[in-house]
Peer 1: 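Structure incoming, see below.
Below, chain A is the first sequence line, B the second, and so on; all start at residue 1. Just so it is clear, the model here is predicted, and its values are computed rather than measured. Because only heavy atoms are used, hydrogens play no part in the values below, and waters and symmetry mates are left out as well, while side chains stay in.
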Protein chains: 2
Amino acid sequence: MATGREIAQLCGVSVATVSRVFNQPETVNEETRERVLRVAKELGYQPNESARALSTKQSTMIGLVWDTDHRRPGWRHPYLQDLLIGLKSALSAHGYHLLMLATSGDAREVGASLADPVGYVNMTRRHHLGGLVLIDSGSDAEAFEAFAQSGVPCVALDVAVDGPKATYVTSDNEGGARQATSHLAALGHTRIATITGPPGNQPSEARVSGYRKALAEAGLPVRDEHIVAGDFYRTSGTLAVQRLLALDEPPTAVFAASDEMAVGALLAARAAGLRVPDDLAIVGFDDIEIASVVDPALTTVAQDKPGFGVAAAKAIMAMITGGGREDPVILPTRLVVRDSCGS
Amino acid sequence: MATGREIAQLCGVSVATVSRVFNQPETVNEETRERVLRVAKELGYQPNESARALSTKQSTMIGLVWDTDHRRPGWRHPYLQDLLIGLKSALSAHGYHLLMLATSGDAREVGASLADPVGYVNMTRRHHLGGLVLIDSGSDAEAFEAFAQSGVPCVALDVAVDGPKATYVTSDNEGGARQATSHLAALGHTRIATITGPPGNQPSEARVSGYRKALAEAGLPVRDEHIVAGDFYRTSGTLAVQRLLALDEPPTAVFAASDEMAVGALLAARAAGLRVPDDLAIVGFDDIEIASVVDPALTTVAQDKPGFGVAAAKAIMAMITGGGREDPVILPTRLVVRDSCGS
DNA sequence: CGTTTCACCGTAAGCGGTTACATCACCGTA
DNA sequence: TACGGTGATGTAACCGCTTACGGTGAAACG
């Protein structure tokens with residue numbers, strides 16, 4: 001590992017000049033600059049990031065807080081991979097890396113978990129992280145709020161937070177749900193039910209809100225018994241439909257707040273001997289892989305998956321360089337009409 | 001941010017003693033040790049990792065090399081999320097973090113891509129990474145070999161590599177394929193085809209090998225026209241089945257080397273008016289989410305998804321602390337019998 | 001021709017830890 | 001009493017980079 005000092009000696013300049021060549025190139029004479037760069041390249045010089053971070057008190061890393069909530073075992077983020085792809089590539093463009101912070105359960109006390117946001121915040125200080133990206137794992141609104149208040153730049157995904165240097169990015173959940181429900185209404189359905197996510201989950205509540213608005217717009221009544229609580233898991237979709245079908249006036253259409261639940265609903269309908277979409281129309285939310293392969297293929301509200309990562313990266317970079325708080329980002333959704341809703 | 005020096009002053013000791021309290025506790029008097037620890041806790045002391053890394057020339061981070069191969073656009077790792085969960089939690093247990101290294105396409109030249117393993121290796125030196133975990137994104141055997149030869153500790157997933165401090169973890173692909181194929185044979189099928197992954201892909205080739213062995217064991221002939229090349233994508237499964245059905249003696253069963261292709265095969269069979277499993281039995285590989293929800297539910301070979309991450313973490317930690325090369329890890333697979341193969 | 005300006009560069013003091021080595025008090029032993 | 005051994009701690013160099021500050025010489029100015 002060649003160091004700046006070695007380059008300096010070979011070039012007959014001081015280490016300060018070498019440093020300047022990389023950080024404020026315009027302040028050094030073109031000739032010496034090129035000499036330094038050439039030698040640096042020859043030696044395969046790689047700046048020592050630890051030294052740099054020690055000196056500047058900032059690294060080129062962003063922390064990723066992603067903890068599988070113990071209250072929701074088995075829960076999987078619907079599109080983590082696309083999100084990471086977007087996040088990583090957008091951060092790369094700024095020369096930043098993503099540090100997946102260790103979670104709790106460590107004997108050596110390096111731990112941190114959503115139950116203890118302080119641990120994560122400590123980590124960001126230890127490593128001079130530029131900021132934190134918070135991935136929702138179900139219902140961590142309170143914990144996320146603590147991050148936001150801590151003063152470290154952070155952007156939460158799918159959870160609305162507020163703080164001196166905090167913002168969030170989320171889909172237009174209300175709009176998406178509204179569009180989905182309206183589509184069902186336009187198809188002639190008058191008894192449209194919905195299966196919600198877990199209580200307290202913000203995207204879920206926005207979706208319920210969109211559902212209500214669509215019904216109102218279509219002049220349809222909102223029936224409490226047509227709003228049944230799920231938890232985003234597939235099973236809850238099945239259970240919900242069983243409950244709905246037992247009603248005196250069962251719905252002819254269902255808007256599920258997640259594709260997983262929509263699939264569960266599909267299974268329940270099939271088990272009950274109903275044809276989808278003829279006897280029961282179903283619309284989901286997310287547009288995950290599964291949506292296009294179930295039979296009938298799921299009509300669903302697609303989210304801009306890589307867009308989440310890109311928007312998060314932009315927001316965090318803006319906060320790091322700008323310093324102030326950024327506006328929340330609401331990503332547009334798109335209704336993908338397939339077969340499960342009829343047409 | 002309290003520093004070691006502050007603690008030292010408050011305790012009336014030197015910084016060296018403070019450092020020793022955390023690194024070699026046994027060498028410092030119990031009384032002063034407790035005093036230091038108490039003050040450290042009161043001040044919320046967090047050791048500066050940059051300084052530590054600068055001094056010790058090693059950080060507590062492992063690099064993650066995960067690049068979506070440009071030759072395989074749209075490719076998704078079948079179970080990245082579970083893998084990451086396993087990896088992260090196992091690394092946490094050793095106090096290590098996962099650094100997702102930035103990929104190429106950066107104006108500032110920090111770049112690195114699979115086409116240029118050197119870039120990644122440089123990154124590991126810059127950041128004093130303990131090692132690298134290489135995630136296969138299709139067919140990077142050559143690039144991975146370069147990593148393995150570079151001398152940095154690294155463990156590859158699903159690609160056999162060899163080097164002074166390199167090893168790999170993979171599933172028992174041959175065994176899994178063999179079991180799947182044997183199961184089909186035991187069901188009475190005599191014309192069993194297979195859809196392979198992309199040429200050069202090691203898991204794919206091992207699966208073909210297992211397929212061949214199973215046929216041999218069952219006393220069935222291996223027909224070249226029954227081995228059709230796919231690329232792990234769904235579409236290739238569809239195409240393959242179309243080709244197979246056009247044969248003079250079409251197969252009555254198909255072993256697909258990935259669930260995605262199995263789903264594609266399912267679609268093709270359905271489109272051709274065939275019933276699955278009656279007219280065509282299908283078995284997949286991976287046991288991804290989709291497998292259990294398609295109709296009929298897919299019989300498939302399940303991989304130990306979190307086990308990958310855990311094994312990788314163990315191997316890399318062993319190489320870091322031990323120094324030498326570790327034995328490759330072959331994870332057992334498990335045949336999950338559902339509906340697509342008949343019974 | 002003295003003085004100011006400016007581009008360029010070197011000096012040196014950090015940043016916050018780790019650790020080889022020195023120091024010192026205190027003990028047991030010959 | 002002199003001496004070696006031992007446990008506990010301090011001293012100071014070092015890791016490699018950044019940057020405030022000062023110095024130099026040449027050009028520009030009055």
Peer 1: Around atom NZ of A:K165, are there more than 12 heavy atoms of other residues, nucleotides or ligands at under 6.0 Å?
Peer 2: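 No.
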Peer 1: Within the sub-3.5 Å range, which N or O atoms of nucleotides 23-28 of chain D have a protein N or O partner, and how far apart are they?
Peer 2:
none

Peer 1: Please tell me whether A:N48 and B:H128 have a donor and an acceptor in their side chains that are separated by less than 3.5 angstrom.
Peer 2: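 Judged by distance alone, the side chains do pair up.
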Peer 1: Side chains of A:R125 and B:Q46: donor-acceptor distance under 3.5 Å anywhere?
Peer 2: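 Note: A:R125 and B:Q46 side chains miss the donor-acceptor criterion.
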Peer 1: Any base atoms under 4.0 Å from B:T32, or only sugar-phosphate, or nothing? Heavy atoms, all strands.
Peer 2: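 B:T32: backbone/sugar contact only, no base atoms under 4.0 Å.
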Peer 1: Taking any heavy-atom pair under 4.0 Å as a contact, classify B:S19: base, sugar-phosphate, or nothing.
Peer 2: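 The answer is base, as B:S19 lies within the cut-off (heavy atoms under 4.0 Å) of a base atom.
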Peer 1: Give B:F22 one of three labels, base, sugar-phosphate or nothing, depending on what nucleic acid heavy atoms sit under 4.0 Å from its own.
Peer 2: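 Touches nothing.
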Peer 1: Give the nucleotide from the list D:dG16, D:dT19, D:dG10 with an atom nearest to the side chain of A:Q24.
Peer 2: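 Closest nucleotide among those given: D:dT19.
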Peer 1: Figure out the CD/P separation between A:Q46 and D:dC15, and round it to whole Å.
Peer 2: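 Roughly 19 Å, once rounded to whole Å.
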Peer 1: Starting at CZ of A:R52 and ending at P of D:dT18, how long is that distance when rounded to a whole Å?
Peer 2: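 Taking CZ of A:R52 and P of D:dT18, I get 5 Å after rounding.
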Peer 1: In chain order, what residues pass the side-chain hydrogen bond (donor to acceptor under 3.5 Å, both in side chains) check against A:Q149, with sequence neighbours excluded?
Peer 2: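 side-chain hydrogen bond (donor to acceptor under 3.5 Å, both in side chains) check on A:Q149 returns A:E145.
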Peer 1: Taking only Watson-Crick and G-U wobble pairs with both distances under 3.5 Å, what dot-bracket line describes DNA chain C, where [ ] shows pairs that cross earlier ones and | shows pairs with another strand?
Peer 2: ||||||||||||||||||||||||||||||
Peer 1: Between A:Y168 and A:F144, is a ring-ring contact (aromatic ring centres under 6.0 Å, His included) present by the stated rule, with each step listed?
Peer 2: CA-CA 10 Å; A:Y168 61 95; A:F144 280 18; over 10 Å; no
Peer 1: Hey, does the side chain of B:K57 come within less than 4.0 Å of D:dG16's phosphate (OP1/OP2), counting only N and O?
Peer 2: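 Yes, because at least one side-chain N or O of B:K57 sits under 4.0 Å from OP1 or OP2 of D:dG16.
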Peer 1: DNA chain D: B:E30 or B:S55, which has the more 5' nearest nucleotide?
Peer 2: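 In this pair, the answer is B:E30.
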Peer 1: Kindly check if the number of other-residue, nucleotide or ligand heavy atoms within 6.0 Å of CD (A:E31) is above 12?
Peer 2: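 Incorrect, the count does not exceed 12.
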Peer 1: Taking the side chain as everything from C-beta on, heavy atoms only, tell me whether B:L84 gets closer than 4.5 Å to A:L84.
Peer 2: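 In contact.
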Peer 1: Apply the test side chain to side chain contact (heavy atoms under 4.5 Å, CB included) to residues A:K314 and A:V310: give CA-CA distance (whole Å), side-chain angles for both, the deciding distance (0.1 Å), then the verdict.
Peer 2: CA-CA 6 Å; A:K314 274 189 188 162; A:V310 174; 4.3 Å; yes
Peer 1: Are the side chains of A:M100 and B:M100 in touch, meaning some heavy atoms are under 4.5 Å apart?
Peer 2: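 They are in contact (side-chain heavy atoms under 4.5 Å apart), so the answer is yes.
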Peer 1: What are the bounds, 5' to 3', of the part of DNA chain C that sits under 4.0 Å from heavy atoms of chain A?
Peer 2: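 Going 5' to 3' along DNA chain C, contacts run C:dC8 to C:dG16.
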Peer 1: In a table with atom names and distances, give each donor-acceptor pair under 3.5 Å that connects a side chain of residues 150-159 of chain A to protein atoms at least two apart or in another chain.
Peer 2:
residue : atom : partner : partner atom : Å
A:S150  : OG   : A:F147  : O            : 2.6
A:S150  : OG   : A:V152  : N            : 3.4
A:D158  : OD1  : A:T170  : OG1          : 2.7

Peer 1: D:dC17 phosphate, OP1 or OP2: any side-chain N/O from A:N48 under 4.0 angstrom?
Peer 2: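 No.
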Peer 1: Near DNA chain D, which residues from residues 8-18 of chain B have a heavy atom under 4.0 Å away?
Peer 2: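 Nucleic-acid contacts, sorted: B:G12, B:V13, B:S14, B:A16, B:T17.
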Peer 1: Let me spell it out: for each of A:P47 and B:E26, pick the nucleotide of DNA chain D with the closest heavy atom. Which residue's pick is nearer the 5' end?
Peer 2: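 Here B:E26 is the residue nearer the 5' end.
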